[in-house]
Chemist: 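Structure provided below as structure tokens; questions to follow.
These values consider heavy atoms only, across backbone and side chains, with no hydrogens, waters or symmetry-generated copies. In what follows, residues are counted from 1 in the order of the sequence shown.
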Amino acid sequence: MAAVTTESLATVQRELAPVISQADLEVAEELFAALDVLDSSAGLRRSLTDPSREPVARAAMVKSLFGGKVSSATASILEALVSRRWSRERDLGDAVEIMAVIVVTRQAEREGLKGLENLETALLDFRRTVASSHEVQRALTDAQARPEAKKQLAERLSPGVSSEARLLIDRAVTKPRGLRPTQLLERFSEQIAERQQRWIAQVTVAKELDSAYVERLGASLDRYFGRELQLDVVVDPAVVGGIRVQVGDEVVDSTVATKLNELHRKLAS
């Protein structure tokens with residue numbers, strides 16, 4: 001994604017974090033339905049991404065199109081998206097899709113890291129099943145086949161999956177947006193994997209830690225980050241001493257190597 005699009009998407013996610021955290025699968029379904037509307041009309045996409053139109057005017061267009069037809073959470077997300085700038089017309093649709101998947105992952109995330117892992121596993125298992133059969137691939141990419149028939153086939157191939165996985169699998173087989181279903185599922189899986197990083201603490205230390213220390217460290221990090229984390233401890237003598245912890249984009253670094261590097265920079269300036 002271009003810088004403008006990346007910044008716009010990050011801003012919407014940050015500003016609407018409280019809304020997204022409370023959203024349910026119905027919101028994700030409504031976002032996907034709105035995406036279908038956007039994908040069906042180039043004129044609409046141009047209007048909603050036209051930088052010469054005021055953001056308020058673009059948001060008003062969304063209200064006129066979807067007002068009363070979607071939940072307040074969905075409307076808030078759509079209005080926030082069209083109020084931002086996008087590098088390309090298609091980027092708006094991609095952003096709507098990303099927000100829908102984020103809502104789905106947040107639902108799975110209510111079970112913590114396990115929920116996200118189960119969701120990703122279901123998508124990858126289905127993807128492998130499809131990729132292993134040319135007959136299934138043809139059935140799922142047949143332009144003449146009814147979407148309902150594709151959903152029924154997908155359900156037979158992925159029985160017992162969660163409602164979150166069912167929604168994303170059905171989406172991939174019925175509305176792949178110019179991709180093969182397996183390609184779209186891979187894109188969904190990449191988003192889920194990114195979210196999983198928020199639940200994994202990558203801990204770098206200079207030497208092996210005993211189990212009691214790891215347990216205490218884990219409890220402290222859980223309190224600090226406000227969620228139960230899975231520790232991934234890496235031994236790297238180059239850090240000399242101290243500890244470096246990364247959870248998603250957040251980094252806590254108290255290693256000796258880092259402090260020495262900072263001192264060198266100060267002396268050189």
Chemist: Quick one: side chain to side chain donor-acceptor pair (under 3.5 Å) partners of Arg127, sequence neighbours excluded?
Modeler: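 In terms of side chain to side chain donor-acceptor pair (under 3.5 Å), with neighbours along the sequence ignored, Arg127 is linked to Glu186.
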Chemist: Just checking Glu7: does its CD atom have more than 12 heavy atoms from other residues, nucleotides or ligands closer to it than 6.0 angstrom?
Modeler: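 Check fails, neighbour count at 12 or below.
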Chemist: Just so I know, are the side chains of Val205 and Asp236 near enough to count as touching, which here means a heavy-atom distance under 4.5 Å?
Modeler: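 Result no, sub-4.5 Å side-chain heavy-atom pair not found.
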Chemist: Could you name each residue pair satisfying salt bridge (charged side-chain N to carboxylate O under 4.0 Å, His left out) that touches residues 138-152, not counting sequence neighbours?
Modeler: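 Non-adjacent pairs meeting salt bridge (charged side-chain N to carboxylate O under 4.0 Å, His left out): zero.
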Chemist: Test Leu140 against Leu153 for side chain to side chain contact (heavy atoms under 4.5 Å, CB included), laying out the working first.
Modeler: CA-CA 8 Å; Leu140 293 178; Leu153 174 58; 3.8 Å; yes
Chemist: Does one side chain, of Ser71 or Thr74, offer a donor that lies under 3.5 Å from an acceptor on the other?
Modeler: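 Side chains of Ser71 and Thr74: pair found under 3.5 Å.
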Chemist: Would you sort out whether Trp86 and Asp94 count as a side chain to side chain contact (heavy atoms under 4.5 Å, CB included), showing the intermediate values?
Modeler: CA-CA 10 Å; Trp86 305 97; Asp94 290 345; over 6 Å; no
Chemist: How would you list all residue pairs meeting side chain to side chain donor-acceptor pair (under 3.5 Å) that involve residues 51-68, not counting sequence neighbours?
Modeler: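 Counting only pairs at least two positions apart or across chains, the side chain to side chain donor-acceptor pair (under 3.5 Å) contacts touching residues 51-68 are Asp50-Ser52.
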Chemist: Please enumerate all residues that pass salt bridge (charged side-chain N to carboxylate O under 4.0 Å, His left out) together with Arg84, with sequence neighbours excluded.
Modeler: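 Here no residue qualifies.
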Chemist: Any idea which heavy atoms bring Phe188 and Leu168 closest together, and the distance?
Modeler: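 So the minimum-distance heavy-atom pair works out to CE1-O, 3.6 Å.
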Chemist: Per the salt bridge (charged side-chain N to carboxylate O under 4.0 Å, His left out) rule, what does the pair list look like for residues 188-202, sequence neighbours excluded?
Modeler: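 Applying salt bridge (charged side-chain N to carboxylate O under 4.0 Å, His left out) to every pair that reaches into residues 188-202, excluding sequence neighbours, yields Glu109-Arg195, Glu109-Arg198.
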Chemist: Using side-chain heavy atoms (C-beta onward) and a distance below 4.5 Å, is Thr105 in contact with Gln191?
Modeler: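 No, side chains not in contact.
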Chemist: Applying a strict under-4.5 Å side-chain criterion to I, L, V, M, F, W and Y, I'd like to know whether Val251 and Ile243 cluster together.
Modeler: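 No: no chain of side-chain contacts under 4.5 Å links Val251 to Ile243.
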Chemist: Between the side chain of Thr182 and the main-chain N/O of Ala131, is any donor-acceptor distance below 3.5 Å?
Modeler: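 Checking the backbone N and O of Ala131 against the side chain of Thr182, no donor-acceptor pair under 3.5 Å is found.
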Chemist: When you look at Thr129 and Ser158, which way does the side chain to side chain contact (heavy atoms under 4.5 Å, CB included) test go after all the steps?
Modeler: CA-CA 9 Å; Thr129 299; Ser158 56; over 6 Å; no
Chemist: Name all pairs fulfilling the salt bridge (charged side-chain N to carboxylate O under 4.0 Å, His left out) condition that reach into residues 213-234, sequence neighbours left out, sorted by first residue then second.
Modeler: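 Salt bridge (charged side-chain N to carboxylate O under 4.0 Å, His left out) check on residues 213-234 returns no pairs.
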Chemist: Could you pull out the closest heavy-atom pair between Leu16 and Ser76, with the gap in Å?
Modeler: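 Taking every non-hydrogen atom into account, CD1-O, 3.8 Å.
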Chemist: So which heavy atom on Thr174 is nearest to which on Pro147, and how close?
Modeler: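 Closest approach of Thr174 to Pro147: CG2-O, 3.6 Å.
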Chemist: Please examine the side chains of Met99 and Leu9, heavy atoms only from C-beta on, and report whether any two atoms are closer than 4.5 Å.
Modeler: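 A side-chain contact exists here, since the closest heavy-atom pair is under 4.5 Å.
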Chemist: Among the clusters formed by ILVMFWY side chains lying less than 4.5 Å apart, do Leu92 and Val4 turn up in the same one?
Modeler: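 In one cluster with Leu92: Val4, no.
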Chemist: What distance do Arg106 atom CZ and Glu164 atom CD have between them, rounded to the nearest 0.5 Å?
Modeler: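 The distance works out to 13.0 Å.
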Chemist: Does Gln183 use its side chain to pair, donor to acceptor, with the backbone of Arg180 at less than 3.5 Å?
Modeler: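 Pair found, side chain donor or acceptor close to backbone of Arg180.
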Chemist: Provide the closest heavy-atom pair for Pro176 versus Pro181 in the form atom of the first, atom of the second, distance.
Modeler: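 Nearest heavy atoms, Pro176 then Pro181: CB-N, 4.3 Å.
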Chemist: So that I can tick it off, tell me whether Arg187 and Glu97 are bridged by a salt bridge, with the cut-off set at under 4.0 angstrom between side-chain N and carboxylate O.
Modeler: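 Judged by the 4.0 Å cut-off on N to carboxylate O distance, Glu97 and Arg187 do form a salt bridge.
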Chemist: Does one hydrophobic cluster hold both Leu38 and Leu179, with members joined at side-chain heavy-atom distances below 4.5 Å?
Modeler: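 Hydrophobic grouping puts Leu38 with Leu179.
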Chemist: Using the test side chain to side chain donor-acceptor pair (under 3.5 Å), find all partners of Gln246 that sit at least two apart in sequence or belong to another chain.
Modeler: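 So Gln246 forms a side chain to side chain donor-acceptor pair (under 3.5 Å) with Arg244.
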Chemist: Under the rule for side-chain contact (heavy atoms from CB on, under 4.5 Å), what residues qualify as partners of Ala201, not counting sequence neighbours?
Modeler: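 For Ala201 the side-chain contact (heavy atoms from CB on, under 4.5 Å) partners, ignoring immediate neighbours, are Val203, Leu221, Leu229, Leu231, Val245, Val247.
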Chemist: Evaluate the side-chain proximity of Lys175 to Leu184: yes if any heavy-atom separation is below 4.5 Å, no if none is.
Modeler: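 Answer no - side chains too far apart.
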Chemist: So, using side-chain contact (heavy atoms from CB on, under 4.5 Å) as the criterion, who are the partners of Glu15 when residues are at least two apart?
Modeler: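 With sequence neighbours excluded, Glu15 shows a side-chain contact (heavy atoms from CB on, under 4.5 Å) to Thr11, given in chain and number order.
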Chemist: Say you draw a straight line from CZ of Arg46 to CG of Leu48; how long is it, rounded to the nearest 0.5 Å?
Modeler: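 Rounded to the nearest 0.5 Å, the CZ-CG separation comes out at 11.5 Å.
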Chemist: What verdict does the side chain to side chain contact (heavy atoms under 4.5 Å, CB included) test give for Asp170 and Phe32, after you've listed the backbone C-alpha separation in whole Å, the side-chain angles of each residue and the deciding distance to 0.1 Å?
Modeler: CA-CA 11 Å; Asp170 286 351; Phe32 279 134; over 6 Å; no
Chemist: Which residues satisfy the side-chain contact (heavy atoms from CB on, under 4.5 Å) test with Gln22, sequence neighbours excluded?
Modeler: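 Not a single residue meets the side-chain contact (heavy atoms from CB on, under 4.5 Å) criterion with Gln22.
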Chemist: Enumerate the residue pairs fulfilling salt bridge (charged side-chain N to carboxylate O under 4.0 Å, His left out) with a member in residues 18-41, sequence neighbours excluded, ordered by first and then second residue.
Modeler: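 For residues 18-41, and leaving out neighbouring residues, the salt bridge (charged side-chain N to carboxylate O under 4.0 Å, His left out) pairs sorted by first residue read Asp36-Arg171, Asp39-Arg177.
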Chemist: Please report the interatomic distance CD1(Ile192) to CD1(Ile102), rounded to the nearest 0.5 Å.
Modeler: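 So the gap between those two atoms works out to 11.5 Å.
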Chemist: List the atom of Ala23, the atom of Val103, and the distance in Å for their closest heavy-atom pair.
Modeler: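 Answer, listing the atom of Ala23 first, then Val103: CB-CG1, 3.9 Å.
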Chemist: Considering non-hydrogen atoms only, spot the tightest contact between Ala165 and Val161 and give its length.
Modeler: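 Here Ala165 and Val161 meet closest at CB-CB, 3.9 Å.
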Chemist: Do any side-chain atoms of residues 110-124 form donor-acceptor pairs under 3.5 angstrom with protein atoms, and if so which ones, sequence neighbours left out?
Modeler:
unit_1 : atom_1 : unit_2 : atom_2 : d
Asn118 : ND2    : Lys114 : O      : 3.3
Glu120 : OE1    : Gln196 : NE2    : 3.3
Thr121 : OG1    : Glu117 : O      : 2.8

Chemist: Taking C-beta and beyond as the side chain, do Val173 and Phe126 meet within less than 4.5 Å on heavy atoms?
Modeler: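 Touching, per the 4.5 Å side-chain cut-off.
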Chemist: Could you tell me if Glu135 and Ser133 have a donor-acceptor pair between their side chains, going purely by distance under 3.5 Å?
Modeler: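 No, no side-chain donor-acceptor pair sits under 3.5 Å.
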Chemist: To the nearest 0.5 angstrom, please state how far the CD1 atom of Ile77 sits from the CG atom of Leu31.
Modeler: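 Interatomic distance, Ile77 CD1 to Leu31 CG, rounded to 0.5 Å: 5.0 Å.
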Chemist: Scan side-chain atoms only and decide if Thr5 and Arg85 contain a donor-acceptor pair under the 3.5 Å cut-off.
Modeler: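 Distance-only check fails for Thr5 and Arg85.
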Chemist: Output the distance between atom CD (Gln107) and atom OG (Ser163), rounded to the nearest 0.5 Å.
Modeler: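 Here the interatomic distance stands at 7.5 Å.
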Chemist: CD/Glu208 to OH/Tyr213 distance, rounded to the nearest 0.5 angstrom?
Modeler: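 Answer for the CD-OH pair, Glu208 versus Tyr213, is 13.5 Å.
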